[in-house]
Amino acid sequence: MDEVDEFLEQLSEDYEKLYKENLNLKEKIEALNEKLSHYVNLESTLQNTLLLAQSAADQAKESSKKEAELIIKNAQEAANELVKKAEERVLEINKEYEILKNEYNMFKSRFRALLQSELENLDKEYITNEK
């Protein structure tokens, strides 16, 4: 009977040892499952963060593109306005030039006529004085 008791005691000790080892492994499994769950949640959060960052980057890119297009449009409009004003000023200067040119030609003609008239008067005076 001693052998049976020893066997039962050994069996009981082995069972207790295995039972404790099983509890210990279950605790480790539970801890590892919690860590796994934490890392799965962390991965999901990181993926969502990356998606939000990508979306924000896309929006910033689109916003920058629209702003650049608006700046270019405004610059083109300003340049067109400057060109239009310059063309108008060129037309004004050409008109003023034509007016001044006509006035100069009229002055030249009148002055020439005046000089011819004075020369004729001098000639008449000279002829009159010679007689």
Side-chain angles (χ1 to χ4, degrees):
M1 276 287 259
D2 282 338
E3 284 183 28
V4 172
D5 285 338
E6 281 179 29
F7 176 75
L8 286 176
E9 191 174 314
Q10 184 65 39
L11 187 64
S12 176
E13 287 174 10
D14 287 346
Y15 177 77
E16 188 177 329
K17 185 179 173 184
L18 287 174
Y19 182 77
K20 285 181 182 178
E21 188 178 328
N22 190 21
L23 283 178
N24 189 15
L25 289 174
K26 282 183 180 180
E27 288 174 1
K28 284 183 181 180
I29 288 174
E30 188 175 323
L32 289 173
N33 279 336
E34 286 177 9
K35 282 185 178 181
L36 178 63
S37 177
H38 171 73
Y39 288 123
V40 166
N41 287 336
L42 184 61
E43 179 186 18
S44 175
T45 301
L46 287 174
Q47 284 178 346
N48 289 337
T49 302
L50 286 174
L51 289 174
L52 287 174
Q54 182 64 44
S55 176
D58 290 344
Q59 287 176 351
K61 182 179 175 182
E62 186 63 29
S63 176
S64 296
K65 182 180 176 183
K66 286 181 181 179
E67 186 176 347
E69 288 172 353
L70 182 62
I71 289 170
I72 290 170
K73 179 184 173 195
N74 289 341
Q76 286 175 336
E77 288 175 356
N80 289 341
E81 185 65 27
L82 284 174
V83 167
K84 181 181 174 185
K85 285 182 179 180
E87 288 172 346
E88 289 172 356
R89 184 65 183 132
V90 165
L91 289 174
E92 286 177 26
I93 290 171
N94 283 338
K95 283 181 185 178
E96 289 175 14
Y97 170 75
E98 288 300 320
I99 290 170
L100 288 174
K101 187 171 135 183
N102 288 337
E103 287 177 1
Y104 170 75
N105 286 334
M106 281 186 7
F107 171 77
K108 192 167 85 171
S109 294
R110 287 182 184 166
F111 191 68
R112 183 175 281 141
L114 174 68
L115 288 176
Q116 284 178 345
S117 171
E118 289 300 316
L119 282 173
E120 287 174 8
N121 285 340
L122 283 174
D123 283 345
K124 286 181 187 176
E125 248 183 67
Y126 178 73
I127 291 177
T128 308
N129 283 340
E130 271 190 9
K131 290 185 183 178

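The residues of the chain are indexed from 1 along the displayed sequence.
Side-chain contact between Ser44 and Val40 is absent, with no heavy atoms from C-beta onward closer than 4.5 Å. Glu77 has its side chain within reach of Asn74: a pair of non-hydrogen atoms, C-beta onward, lies under 4.5 Å apart. Residues Lys35 and Tyr39 form a side-chain contact, since some pair of their non-hydrogen atoms from C-beta on lies under 4.5 Å apart. With contacts defined as side-chain heavy-atom distances shorter than 4.5 Å, the pair Asn24/Lys20 does not qualify.
Atoms CG and CG, on Leu114 and Asn121 in that order, are 9.5 Å from each other to the nearest 0.5 Å. To the nearest 0.5 Å, atom CG of residue Leu115 and atom CZ of residue Phe111 are 4.0 Å apart. Note that CG of Leu18 is 9.5 Å distant from CG of Leu11, once rounded to the nearest 0.5 Å. Note that the CD atom of Glu27 and the CG atom of Leu32 stand 12.0 Å from one another [nearest 0.5 Å]. The distance from the NZ atom of Lys26 to the CD atom of Glu21 is 12.5 Å, given to the nearest 0.5 Å. For the atom pair Leu91 CG and Glu96 CD, the distance stands at 11.5 Å (nearest 0.5 Å).
In the displayed structure, Glu69 atom CD is contacted under 6.0 Å by more than 12 heavy atoms of other residues, nucleotides or ligands. Counting non-hydrogen atoms of neighbouring residues, nucleotides and ligands closer than 6.0 angstrom, the CD atom of Glu62 exceeds 12 such neighbours. Heavy atoms from other residues, nucleotides or ligands lying under 6.0 Å from CD of Glu13 number more than 12. Other residues, nucleotides and ligands contribute at most 12 non-hydrogen atoms within 6.0 Å of the CD atom of Glu30.
Residue pairs meeting the salt bridge (charged side-chain N to carboxylate O under 4.0 Å, His left out) criterion with at least one partner in residues 100-125, sequence neighbours excluded, are absent.
The closest donor-acceptor contact from the side chain of Ser55 to the backbone of Leu51 lies at 3.5 Å or more, if one exists at all. For the pair Thr45 (side chain) and Asn41 (backbone), a donor-acceptor distance under 3.5 Å is present. Checked by atom type and distance alone, the side chain of Ser37 never pairs as donor or acceptor with a backbone atom of Asn33 at under 3.5 Å.
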Problem set entry | From CA spacing to verdict: salt bridge (Lys or Arg N to Asp or Glu O under 4.0 Å), Lys85, Glu88 | CA-CA 5 Å; Lys85 285 182 179 180; Glu88 289 172 356; over 6 Å; no
For this session: Step by step, work out the side chain to side chain donor-acceptor pair (under 3.5 Å) result for Gln10 and Asp14.
Result: CA-CA 6 Å; Gln10 184 65 39; Asp14 287 346; 3.1 Å; yes
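A salt bridge does not link Glu87 to Lys84: none of the charged side-chain nitrogens sits closer than 4.0 Å to a carboxylate oxygen.
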